[in-house]
Amino acid sequence: MGQSQSEMDKEVTLQNIQELYRKFASECPSGNLHLHEFKKIFGVTCKSAEEEAAYMENVFRSFDTNKDGHIDFLEYVAAVHLVLRGKLEDKLKWSFKVYDKDGNGRLDRQEVRQIVKIISKLKKHKNPGATENVDDICERIFELVDINKDSQISLEEFLAGAEKDPWVMDQLKLDIEPCGWFIVQQEKKTS
């Protein structure tokens with residue numbers, strides 16, 4: 001969700017995506033990608049911040065559609081396609097699914113606060129001088145997005161809020177930077 005469609009088109013071609021699929025097949029001959037392998041792909045190690053690990057666990061859970069504890073090849077193909085080539089609305093729906101930790105179809109304040117906290121920590125790694133108050137951000141999101149004021153954000157409210165307000169979009173930006181990771185992997189292969 002963190003990149004525009006035209007930016008992705010320039011960075012990752014269909015041939016690149018096919019190579020990524022081949023990489024999955026060679027690195028996961030069993031046909032299954034487990035959480036520890038998934039974290040390794042995105043550079044999350046035991047030395048990573050707790051927030052980064054939790055963030056990637058949520059992402060992993062969202063791709064493990066049949067909830068069997070691993071990502072099989074079909075789930076992987078769907079995930080790669082969504083993240084690298086998907087439409088904004090599909091990415092927003094996926095982001096909502098990642099944030100909806102209990103899977104009830106609504107985001108409560110605790111879920112929004114947790115994801116804002118994780119995203120803020122990740123942003124801080126990139127910009128150590130950033131100072132943001134998680135509670136203030138969470139309250140503002142609810143003011144702007146929770147249309148019916150029931151202290152829960154439905155998928156429809158989430159989509160409408162993220163699409164109409166650039167600040168909300170920025171605060172809820174689910175950006176695991178797969179294009180950057182993929183390009184680094186390609187450069188390693190050609191070196």
Side-chain angles (χ1 to χ4, degrees), residues 1-14 16-17 20 42 51-52 54-65 71 75-127 130-183:
M1 188 171 113
Q3 300 174 341
S4 69
Q5 190 69 36
S6 61
E7 187 179 331
M8 287 187 302
D9 288 342
K10 282 188 259 177
E11 294 182 18
V12 181
T13 65
L14 184 57
N16 295 143
I17 293 171
L20 192 54
F42 290 99
E51 289 80 13
E52 290 173 306
Y55 184 69
M56 293 315 297
E57 286 170 18
N58 283 356
V59 172
F60 179 86
R61 180 184 47 78
S62 76
F63 290 144
D64 181 15
T65 55
I71 297 173
E75 290 167 328
Y76 180 79
V77 169
V80 168
H81 179 75
L82 171 70
V83 174
L84 298 181
R85 309 287 287 182
K87 295 177 184 171
L88 178 60
E89 183 177 344
D90 293 332
K91 289 182 180 188
L92 288 171
K93 288 177 181 177
W94 170 63
S95 296
F96 184 88
K97 184 178 177 182
V98 170
Y99 302 155
D100 184 16
K101 196 168 183 174
D102 63 10
N104 71 351
R106 303 181 108 14
L107 302 179
D108 60 31
R109 288 186 187 276
Q110 183 180 348
E111 288 170 321
V112 172
R113 187 181 188 292
Q114 180 185 20
I115 202 64
V116 167
K117 181 180 175 185
I118 291 168
I119 291 172
S120 292
K121 292 265 186 176
L122 292 173
K123 286 180 180 179
K124 220 173 226 180
H125 285 355
K126 292 179 184 177
N127 181 8
T131 56
E132 297 176 324
N133 183 311
V134 171
D135 291 324
D136 290 346
I137 292 170
C138 186
E139 284 307 310
R140 184 163 176 216
I141 288 171
F142 269 88
E143 285 173 24
L144 295 169
V145 178
D146 184 16
I147 304 300
N148 64 4
K149 306 298 181 208
D150 65 352
S151 294
Q152 294 189 347
I153 298 173
S154 68
L155 175 59
E156 293 76 20
E157 289 172 323
F158 182 84
L159 293 172
E163 288 179 346
K164 78 176 180 185
D165 193 309
W167 180 85
V168 172
M169 179 76 84
D170 186 55
Q171 297 307 310
L172 299 175
K173 190 178 290 178
L174 184 56
D175 189 356
I176 57 176
E177 298 181 359
C179 295
W181 172 83
F182 182 75
I183 288 168

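Starting from 1, each residue takes its place in the sequence as its number. FYI, side chains are in, hydrogens and waters are out, and symmetry mates aren't considered; it's all heavy atoms of this structure.
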**Message:** Could you work out, with salt bridge (Lys or Arg N to Asp or Glu O under 4.0 Å) as the rule, every residue matching R106, not counting sequence neighbours?
**Reply:** D150
**Backbone of V98 reached by a side-chain donor or acceptor of R61 within 3.5 Å** = yes
**Message:** Do F158 and L92 have side chains that approach each other closer than 4.5 Å (heavy atoms only, starting at C-beta)?
**Reply:** yes
**Asked** Does some side-chain heavy atom of I141 sit less than 4.5 Å from a side-chain heavy atom of I153?
**Response** yes
**Distance (rounded to the nearest 0.5 Å) between C138 SG and N133 CG** = 10.0 Å
**Residues, nucleotides or ligands: over 12 heavy atoms within 6.0 Å of Q110 CD** = no
**Request:** For a side-chain hydrogen bond (donor to acceptor under 3.5 Å, both in side chains) with D135, tell me which candidate from K117, R109, R113, R140 qualifies.
**Result:** R113
**Asked** So do the side chains of N148 and E157 get within less than 4.5 Å of each other, counting heavy atoms only?
**Response** yes
**Prompt:** Got a salt bridge between E89 and K93, using NZ or NE/NH1/NH2 to carboxylate O under 4.0 Å?
**Reply:** yes
**Item:** L88 side chain reached by D90 side chain, heavy atoms, under 4.5 Å
**Value:** no
**Message:** Is it the case that the side chain of N58 and the backbone of S62 share a donor-acceptor pair, with hydrogens and angles ignored and the cut-off at 3.5 Å?
**Reply:** no
**Asked** Sub-3.5 Å donor-acceptor pair from the side chain of E111 to the main-chain atoms of D108, do we have one?
**Response** yes
**Asked** In chain order, what residues pass the side chain to side chain donor-acceptor pair (under 3.5 Å) check against T65, with sequence neighbours excluded?
**Response** E75
**Asked** Quick one: does F142's side chain get under 4.5 Å of L107's, heavy atoms only?
**Response** no
**Message:** Any heavy-atom pair between the side chains of L144 and W167 that's under 4.5 Å?
**Reply:** yes
**Prompt:** Parallel under 30°, tilted from 30 to 60°, perpendicular over 60°: which one fits the rings of W94 and F63?
**Reply:** parallel
